[in-house]
Protein chains: 2
Amino acid sequence: MTGKPATIKEIAKILNVSISTVSRALHKHPTIGITTQLKVQALADKLGYEPNQAAISFQKGKTYTIGVILPELSEAFFSAAVSAIEDTAYKRNYTVLLAQSHDVEEKEIQLVEKMKNSRVDGLLVSVAKTTSNFAHFDMLKRFNIPVVFFDRIPPLKNIHYVACNMETGSIEAVNYLLQKGHRSIGMINGPPNLAASGERKEGYIKAMTKNRLKFDPSLIVSCNLTEEGTKAALDSLLANKRQPTAIVTFNDYVSLYAIKHARSLKIDLDNGLQFVSYANLPIINYMDYAPVASVEQFPALQGQKAADILLDLLSRKAQSSDEAEAYYNVMVESQLIENKKRNNN
Amino acid sequence: MTGKPATIKEIAKILNVSISTVSRALHKHPTIGITTQLKVQALADKLGYEPNQAAISFQKGKTYTIGVILPELSEAFFSAAVSAIEDTAYKRNYTVLLAQSHDVEEKEIQLVEKMKNSRVDGLLVSVAKTTSNFAHFDMLKRFNIPVVFFDRIPPLKNIHYVACNMETGSIEAVNYLLQKGHRSIGMINGPPNLAASGERKEGYIKAMTKNRLKFDPSLIVSCNLTEEGTKAALDSLLANKRQPTAIVTFNDYVSLYAIKHARSLKIDLDNGLQFVSYANLPIINYMDYAPVASVEQFPALQGQKAADILLDLLSRKAQSSDEAEAYYNVMVESQLIENKKRNNN
DNA sequence: TGCTTTTTTACAAACGTTTGCGTAATGTTT
DNA sequence: AAACATTACGCAAACGTTTGTAAAAAAGCA
């Protein structure tokens, strides 16, 4: 009852059958007679037998565990993603081993190494900002451990990934503002070294040119995402000869900083200046002055899809080793969400 | 190089020594001669040998993994806690297996069961709201798997836990308002079935009586934490004969709902009515109108302490099985944090 | 040199499970 | 009743590592 868990061996001894018979009976193997099958099952239940997963993992060389490596769990985006990952893994009877790189390459490398050591069947990774060398991921390929990247994708060929298409959202954002009558639309972007900044900018430009508006580079300023940086960026935009009546910002936080600053400058936020941003954090629903819309990137959906892909790869691997080597490249479309709370305020 | 990972056995064969020698050499066991030690080490490095964790787990009956079961990873409180847990586990060379109960008892039970099956050395748990039966935790004790509860503690004797003392924070909150000159202080509390509601209420009462103010039960109303519920609660407080000039709310969200409602009622939030709440979410720093202060519960600290305790228990268990059975009961003091952004606005 | 220590290494069992193959038991067909 | 097919089960190896104990080699001492 107490103490050590029951094993297959004990069941075998008590029932005077062989260990293999018990094992097969528990798995409902067809070559086992129905009577013994039931006998074994009954005793197993009575003893509260539970298979020793460690032994099984060892034996089969599989752990039924997927590793998740991401920069920062406490960021809303990632916690939503992991939450969804865990849920889909759970449904397929996998468990999730979690680790954060804190956006430092060295730690990411260590984590990959650690996870590789037979602990994990596959890996879900959102790469660290600082990662510039990707040998540790190649290594996984050599060890036949599948990896699916999500959100932050390394610039590699032949990888599986799911990411969010920023372009559509960006275009929607600009279109939304154009449709509202704005003609001079500024952008407070993130630092140029972030891929995300590039995507947002491209979407912006594409939307402008598609609407046959000429693109004015001076209306795009980048900032370091801090409150001070945002202030400066906003000031610079306001000083522009073609002073914008609407601004697209890198994310909701930047919008909020900018809004705060604008309010301290007594700018009319209802009619004079409107903001649209990225992320669609729940927070903006609580604000009195918030971006009028925000581009949702569906972290949960991304996480779920990435997990689905990985689990597919794993089951495929189990079935046959046909190395057809197709690579999953899934793009989740970003989508502009109007801030409803804002509008019925 | 590619294909299957190197094993101790292969190293042994190449070097013409026994498997045990290799094993001991790799562990720098003193009975191994220095020369062979180095030879082994060198070859291991060359082959890129990495111990097979699955085999080790199996052999030693230890996984160097701790399980974390909590209600909802995407809640800011828990993601901050897990983040800290992962960090401290990583430092001590443990990994974290993660699972969410989504606040349903049945799933929590399944997760405990799953984690028990030799997968996990110890468990960190924040129990589901609905959990009313605690047999699954007793079961862990029988299997000698230590559990440390955090934040949401079950009503059991002889358990390890770290929780946050709401009382001090509550008292601070009320004192803060009293000191600001408020004499009629209302409270919008959570539903009565939540332990957290009770704690907040007690702190409130204690602070009032300590300041020799008589406690008026009609100034405490509970709500279901929705926007509608909050509105109703606020209305009821405002209708009170002793209309409060300050209100303590169950959490930041409730405060924000209440503030929004108050603003739509044209109430002067700078002088007429002030709010204090719990959680201290980063969000309130972005708001124009926000609670003037919020009680911080230090999720990261709680998570870190819980992990520390668990890891201590595990190392203790490894060293000796002296069942001294002392139970760790750590209380983290909550603390009122003034909303700085609010004040220099 | 011959003996005892001390140092160094090898042997083998154990951890719990799965699974290929062999074999005993049962049943079927003539 | 002999021959065979079928069904039901047991044997034993394998997975990679650790570790107690035995044994070999080296070193010390007389």
Side-chain angles (χ1 to χ4, degrees), chain A residues 3-41 43-44 47-65 93 116-121 143-144 318, chain B residues 3-41 43-44 47-65 116-121 143-144 318-319:
Chain A
K4 299 292 156 244
T7 72
I8 237 182
K9 194 188 274 183
E10 295 169 6
I11 298 182
K13 189 179 290 174
I14 297 179
L15 255 35
N16 254 315
V17 297
S18 79
I19 292 178
S20 50
T21 299
V22 176
S23 173
R24 285 191 246 256
L26 258 13
H27 288 84
K28 304 204 195 307
H29 192 286
T31 89
I32 297 296
I34 184 66
T35 61
T36 41
Q37 217 253 77
L38 292 175
K39 260 198 320 193
V40 170
Q41 192 57 257
L43 183 56
L47 296 183
Y49 168 77
E50 291 290 342
N52 180 332
Q53 275 300 338
I56 295 175
S57 295
F58 169 52
Q59 213 281 140
K60 308 194 97 167
K62 275 198 66 164
T63 57
Y64 294 95
T65 297
N93 243 291
K116 171 190 67 88
N117 296 341
S118 322
R119 308 185 57 72
V120 132
D121 291 345
F143 284 98
N144 211 21
Chain B
K4 299 295 156 245
T7 71
I8 237 183
K9 195 187 273 183
E10 295 169 3
I11 297 182
K13 189 179 292 175
I14 297 179
L15 255 35
N16 253 313
V17 297
S18 79
I19 293 178
S20 52
T21 300
V22 176
S23 173
R24 286 193 246 255
L26 259 12
H27 288 84
K28 303 203 196 308
H29 193 284
T31 88
I32 297 295
I34 183 66
T35 61
T36 42
Q37 217 252 75
L38 292 175
K39 260 196 322 192
V40 169
Q41 191 56 256
L43 183 56
L47 296 183
Y49 169 77
E50 291 290 343
N52 180 332
Q53 276 299 337
I56 295 175
S57 295
F58 169 52
Q59 211 285 136
K60 308 193 99 166
K62 275 198 65 165
T63 57
Y64 294 96
T65 297
K116 170 189 70 83
N117 297 341
S118 324
R119 309 185 56 72
V120 131
D121 291 345
F143 283 98
N144 211 22
Q319 283 170 17

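To find a chain, count down the sequence lines: A is the first, B the second, and so on, and within it residues start at 1. Being a predicted model, the structure only gives us computed values, none of them experimental.
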Asker: Taking 5.5 Å and 30° as the limits, would you call A:Phe58 and the base of D:dC15 a stacked pair?
Answerer: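 Yes, A:Phe58 stacks on the base of D:dC15, since the ring centres sit under 5.5 Å apart and the planes are within 30°.
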
Asker: To the nearest Å, give me how far apart CD (A:Glu10) and P (C:dT17) are.
Answerer: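 In whole Å, C:dT17 P and A:Glu10 CD are 9 Å from each other.
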
Asker: What contact category does B:Thr31 fall into here, base, sugar-phosphate, or nothing, at under 4.0 angstrom with non-hydrogen atoms?
Answerer: base

Asker: Could you check how far CD1 of A:Ile11 sits from P of C:dG16, rounded to whole Å?
Answerer: 12 Å

Asker: Atom CD of A:Gln59 and atom C1' of D:dC15: how far apart are they, to the nearest Å?
Answerer: 6 Å

Asker: Where do B:Gly33 and B:Thr36 come nearest, in terms of heavy atoms and distance?
Answerer: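 Shortest heavy-atom separation between B:Gly33 and B:Thr36 comes out as O-OG1, 2.9 Å.
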
Asker: Of the non-hydrogen atoms in A:Ala6 and A:Tyr49, which two are nearest, and what is the gap between them?
Answerer: O-CD1, 3.3 Å

Asker: What is the distance, to the nearest angstrom, from the CG atom on A:Leu15 to the C1' atom on D:dA8?
Answerer: 15 Å

Asker: Just how far, in rounded Å, is C1' of D:dC15 from NZ of B:Lys9?
Answerer: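 In whole Å, D:dC15 C1' and B:Lys9 NZ are 8 Å from each other.
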
Asker: Taking 4.0 Å as the cut-off, does a side-chain nitrogen or oxygen of B:Thr36 come that near to OP1 or OP2 on C:dT9?
Answerer: yes

Asker: Whole Å only: how far is the CD1 atom of A:Ile56 from the P atom of D:dC15?
Answerer: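 In whole Å, D:dC15 P and A:Ile56 CD1 are 18 Å from each other.
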
Asker: Remember a base hit wins even if backbone is also touched, and classify B:Asn117 as base, sugar-phosphate or nothing at under 4.0 Å, heavy atoms.
Answerer: nothing

Asker: Looking only at heavy atoms, which two atoms of A:Gln53 and B:Asn117 are closest? And how far apart?
Answerer: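 Scanning both residues, the minimum pair turns out to be CB-O, 3.3 Å.
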
Asker: Counting side-chain heavy atoms from CB outward, which of D:dT18, C:dG16, C:dT18 is closest to A:Lys60?
Answerer: C:dT18

Asker: In terms of the nearest nucleotide of DNA chain C, which residue is placed more toward the 5' end: A:Ala6 or A:Arg24?
Answerer: A:Ala6

Asker: Can you find a donor-acceptor N/O pair under 3.5 angstrom joining the side chain of A:Ser20 to the base of D:dC11?
Answerer: yes

Asker: Atom CG of B:Leu47 and atom P of D:dG16: how far apart are they, to the nearest Å?
Answerer: 14 Å

Asker: Heavy atoms only: give me the nearest A:Ile32-A:Arg24 pair and the separation to one decimal.
Answerer: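 Looking at all heavy atoms of both residues, the closest pair is CG1-CB, 3.6 Å.
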
Asker: Atom CG of A:Asn16 to atom P of D:dC9: distance rounded to whole Å?
Answerer: 13 Å

Asker: Do B:Lys62's NZ or CZ and the ring of B:Tyr64 fall within the cation-pi criteria of under 6.0 Å and 45°?
Answerer: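 Yes, cation above the ring, under 6.0 Å and within 45°.
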
Asker: Could you please name the option among C:dT17, D:dG10, C:dA10 that lies closest to any side-chain atom of B:Thr21?
Answerer: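 That would be C:dA10.
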
